[in-house]
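Here is the structure we will look at.
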Protein chains: 2
Amino acid sequence: MQTIEQLLESKNIRVTAMRLLIYKFLAEKQVAVTLSDIENAFDKADRTTLYRTVKTFEESTIVHQIDDGTGITKYALCEKGCNCDIETDLHLHFHCNNCNETVCLTEHKIPQIKVPNGFISEDINLVVKGVCDKCSGL
Amino acid sequence: MQTIEQLLESKNIRVTAMRLLIYKFLAEKQVAVTLSDIENAFDKADRTTLYRTVKTFEESTIVHQIDDGTGITKYALCEKGCNCDIETDLHLHFHCNNCNETVCLTEHKIPQIKVPNGFISEDINLVVKGVCDKCSGL
DNA sequence: TTATAAATGCACTTCCGTTGCATTGTATTT
DNA sequence: AAATACAATGCAACGGAAGTGCATTTATAA
Ligand SMILES: [Mn+2]
Ligand SMILES: [Mn+2]
Ligand SMILES: [Zn+2]
Ligand SMILES: [Zn+2]
């Protein structure tokens with residue numbers, strides 16, 4: 001088990017206080033977060049720093065971006081061994097219409113999707129919307 | 001075969017010049033269009049009118065909205081017999097990373113997606129990204 | 001024709017993402 | 001240790017797209 005510091009260093013990302021804090025924040029969250037979420041969690045830090053930190057993480061396959069259809073970009077930590085950079089992360093995402101939260105369903109891979117002749121599939125974004133387990137009470 | 005006028009009247013939407021023009025514009029386009037696309041096609045008309053027209057169409061299941069991940073909302077005519085309003089339109093969308101166009105693949109329905117226990121699926125958004133038939137040359 | 005309501009146009013706002021640039025902090029070299 | 005070089009952070013501003021309030025025009029109905 002490697003530390004966060006080791007992870008960052010392995011990706012050639014300098015270890016700073018902010019980056020450690022933001023990483024920990026993402027790690028303890030069970031849901032995808034928006035930039036505003038991070039902003040609210042770190043009042044003292046500037047929006048831009050948070051934005052660039054997340055972007056840095058994204059470029060190094062530490063987090064992946066999620067477009068859940070709300071119009072607001074969300075972020076979540078990549079699983080270890082995730083290959084977002086070379087091929088798309090094929091797990092699906094679930095957006096709850098009730099609590100408005102979005103989660104990675106990393107266990108649920110996206111099935112093979114057929115496209116018409118002449119079309120070349122390179123990436124797939126699949127978002128299921130409905131009611132999450134916390135809200136459904138099932 | 002019903003006329004556009006008849007279609008609008010059947011949905012209790014008043015027939016206006018703008019609405020007929022915008023409908024025809026959408027009908028002759030083979031790809032999903034942005035509000036800016038419509039704006040460029042109708043210089044004289046105001047953005048707000050176009051915006052509200054499309055929204056009116058959307059509320060009456062004449063067009064459906066497409067979130068292809070570009071961050072810009074796109075619109076396309078619904079097929080006849082489409083049930084966007086009561087259940088989600090289950091066809092998938094394809095976004096070309098080369099020409100940046102998005103098309104409805106109405107023939108390609110979204111397969112059944114399994115979600116974990118406790119989750120209730122109500123709607124699915126599936127966007128395949130890659131190279132379209134025009135750009136691939138295949 | 002007049003009264004009523006909807007459609008359109010104009011101005012303005014908000015929200016999110018993004019960038020330029022100055023400043024601070026860190027690491028490396030001399 | 002001091003000087004240097006470069007990256008990280010903070011502040012301010014911008015831009016695009018979606019959305020809203022209100023006045024005006026246009027269509028429908030009485
Ligand atoms: Mn995910
Ligand atoms: Mn479609
Ligand atoms: Zn929920
Ligand atoms: Zn193309």
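Every chain is numbered from 1, with letters handed out A, B, ... down the list of sequences.
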Measure the distance from [atom1] on [X] to [atom2] on [N] and round it to the nearest whole Å.
X	N	atom1	atom2	value
Arg47(B)	dG19(D)	CZ	P	11 Å
Gln65(A)	dT18(C)	CD	P	7 Å
Asp46(A)	dT9(D)	CG	C1'	8 Å
Glu39(A)	dT18(C)	CD	P	14 Å
Asp67(A)	dG17(C)	CG	C1'	13 Å
Tyr51(A)	dA8(D)	OH	P	15 Å
Leu35(B)	dT20(D)	CG	P	14 Å
Asn12(A)	dT26(C)	CG	P	19 Å

Fill in: Test side chain to side chain contact (heavy atoms under 4.5 Å, CB included) applied to Leu92(B) and Val127(B), step by step
CA-CA 6 Å; Leu92(B) 60 92; Val127(B) 179; over 6 Å; no
Discussion item. Please compare Thr48(A) and Thr56(B) by the position of their nearest nucleotide in DNA chain C and report the one closer to 5'.
Written reply: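 The residue whose closest nucleotide sits nearer the 5' end is Thr56(B).
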Worksheet item: Can a donor-acceptor pair be found between the side chains of Asp133(B) and Ser136(B) at a distance below 3.5 Å?
Response: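 Result is no, nothing qualifies.
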Worksheet item: Is the closest side-chain donor-acceptor distance between His95(B) and His93(B) under 3.5 Å?
Response: no
Give a yes/no answer on whether the side chain of [X] brings an N or O atom under 4.0 Å of OP1 or OP2 in [N].
X	N	answer
Thr53(B)	dA7(C)	no
Thr34(A)	dC16(C)	no
Arg19(B)	dA7(C)	yes
Thr49(B)	dA7(C)	no

Practice prompt. Say whether, by atom type as modelled, one donor and one acceptor occur between the side chain of Lys134(A) and the main chain of Val131(A) under 3.5 angstrom.
Written response: no
Discussion item. Return whichever of Arg52(B) or Tyr75(B) has its heavy-atom-nearest nucleotide of DNA chain D closer to the 5' end.
Written reply: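 Looking at DNA chain D, the more 5' nearest nucleotide goes with Tyr75(B).
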Worksheet item: Of all the choices, dA8(D), dA7(C), dG10(D), which nucleotide is nearest to the side chain of Ala45(A) once you look at every atom?
Response: dG10(D)
Discussion item. By nearest atom, which of the nucleotides dT9(D), dT19(C), dT26(C) is closest to the Lys55(A) side chain?
Written reply: dT19(C)
Worksheet item: Can Arg47(A) and Glu39(A) be counted as an ion pair, charged N to O under 4.0 angstrom?
Response: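 Yes, this pair counts.
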